[in-house]
Amino acid sequence: RREAEEVEDVYVVFVVDADDRLLGLVSLKKLLLSRGNTLISSITDDDIVTVTADTDQEEVARLMERYDLVSLPVVDAEGRLIGRVTIDDVVDVIREEAEEDIQRMSGVAGGEVPTDSILRISRGRLPWLLLGLAVSGLAAFVISQFHEALQAATVLASFIPVVMATAGNAGIQSATIAVRGLASGDIWASDWLRRLGKEMAVALINGVAAALLLGAAIWGLDLLAPALFVDAPRLALTSGLSLAAVIVLATTIGATMPVVLDRLGIDPALATGPFITASNDVLGILVFFLLAQALYL
């Protein structure tokens, strides 16, 4: 009651000893419904989760979400109570972190707001555009190294966008799931390999389905317009195998890269932006032309 003006919301009462070391907490329900002569020690819940003042705010948010907490005590190195974090504070943190992750996933520097100056916004976006430009140049270089395959079957050039777009989409799908799992704490080192195996199994199914669909489309177009493709069976085999391979490869990279970045102390959200898209474009093109070279030359 003496501190009523200082304390905005009361969810639980923290129990401390004579040295202010945290012993547990008492919910308001128990405090109000217990008899007046009940000792606090008899209704104290000593199974509590605590954080220190230097705990990262994202970790605090994960703990409160995992244990459905509305108030989290903050202690020092000796276990003395020094404060608390309430659910309304965490909601603000979750919103801010989500906004930053979305920006990074889009290739924008985290923290960009509408009131930023034009130059600051440009500085945040330009490096990612230049990175994408550099990787696109690398993809063009890869294509130039397989001019013999293109000369043998110029129609292969028509399927370059298909391979690049599919690789990018598959990589972003798996990377997004991995980033979400890391952010929520659902992905741990102990079950990462199992999750990776699951992602690869999904990629294999999707890859085979997409390859069969693309192969059937080429066969169907060849039946409708025989002059459209030269050696349609070989083209269907090349494009189908390439599509299945790049989907599996891109999914593996997308599922792995966020975890690697997280282990290196880098925000894993960066993995779902231009980085994954660009790298998968290059690898997808490389796989496509290696298979084309093997089947056409």
Side-chain angles (χ1 to χ4, degrees), residues 98 101-108 125 128-143 146 155-184 186-187 192 195-218 220-221 235-262 267-292:
D101 286 347
I102 290 173
Q103 289 180 356
R104 290 192 175 100
M105 290 164 66
S106 304
V108 178
R125 299 183 185 183
W128 295 106
L129 293 177
L130 295 179
L131 174 63
L133 179 62
V135 177
S136 297
L138 181 58
F141 174 76
V142 171
I143 294 174
F146 294 93
V155 71
L156 291 173
S158 305
F159 291 88
I160 292 176
V162 176
V163 173
M164 293 177 67
T166 305
N169 289 336
I172 288 176
Q173 285 178 342
S174 57
T176 301
I177 296 300
V179 170
R180 178 189 174 278
L182 289 169
S184 63
D186 292 336
I187 293 181
W192 177 72
R195 290 177 179 270
L196 177 60
K198 186 176 182 180
E199 284 290 324
M200 292 181 67
V202 171
L204 185 60
I205 294 173
N206 291 343
V208 170
L212 291 175
L213 181 61
L214 180 60
I218 293 173
L221 289 173
L235 177 62
L237 179 62
T238 302
S239 58
L241 286 177
S242 300
L243 198 63
V246 299
I247 287 176
V248 173
L249 179 62
T251 299
T252 303
I253 294 174
T256 305
M257 192 54 63
V259 179
V260 173
L261 292 178
D262 185 61
D267 191 338
L270 294 173
T272 59
F275 182 80
I276 283 291
T277 303
S279 61
N280 282 334
D281 283 349
V282 174
L283 292 174
I285 289 297
L286 182 61
V287 169
F288 176 63
F289 278 106
L290 285 174
L291 284 172

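Side chains are part of it too, since the values below use all heavy atoms of this structure and drop only hydrogens, waters and symmetry mates.
Checked options L286, V282, I285, L138; the residue passing with I143 is I285 (criterion: side-chain contact (heavy atoms from CB on, under 4.5 Å)).
I205 CD1 to M200 CE: the interatomic distance, rounded to the nearest 0.5 Å, is 12.5 Å. Atom CG of L214 sits about 10.5 Å away from atom OG1 of T238, to the nearest 0.5 Å. Rounding to the nearest 0.5 Å gives a distance of 10.0 Å between CD1 of I177 and NZ of K198. Taking CG of L235 as the start and CD1 of I218 as the end, the distance is 4.0 Å to the nearest 0.5 Å. With values rounded to the nearest 0.5 angstrom, N206 atom CG is found 12.0 Å from N169 atom CG.
Smallest separation of non-hydrogen atoms from A167 and V246: CB-CB, 4.3 Å. Contact detail for T252 and T256: the closest heavy-atom pair is O-OG1, 2.7 Å. Of all heavy-atom pairs between G240 and A211, the closest is O-CB, 3.1 Å. Nearest heavy atom pair, residue G207 against residue I247, reads CA-CD1, 3.7 Å. Smallest separation of non-hydrogen atoms from A178 and G254: CB-O, 4.3 Å.
Counting only distance, with no hydrogens or angles, the side chain of S239 and the backbone of A236 share a donor-acceptor pair below 3.5 Å. When atom types are taken as modelled, the side chain of S174 and the backbone of G171 share a donor-acceptor pair closer than 3.5 angstrom.
Residues meeting the ring pair (Phe, Tyr, Trp, His ring centres under 6.0 Å) test with F159, sequence neighbours left out: none. Partners of F289 under the ring pair (Phe, Tyr, Trp, His ring centres under 6.0 Å) rule, at least two apart in sequence or in another chain, are F146.
You'll find the side chain of T251 stays beyond 4.5 Å of the side chain of V202, heavy atoms only. Contact check for I160 versus F288: side-chain heavy atoms found under the 4.5 Å cut-off.
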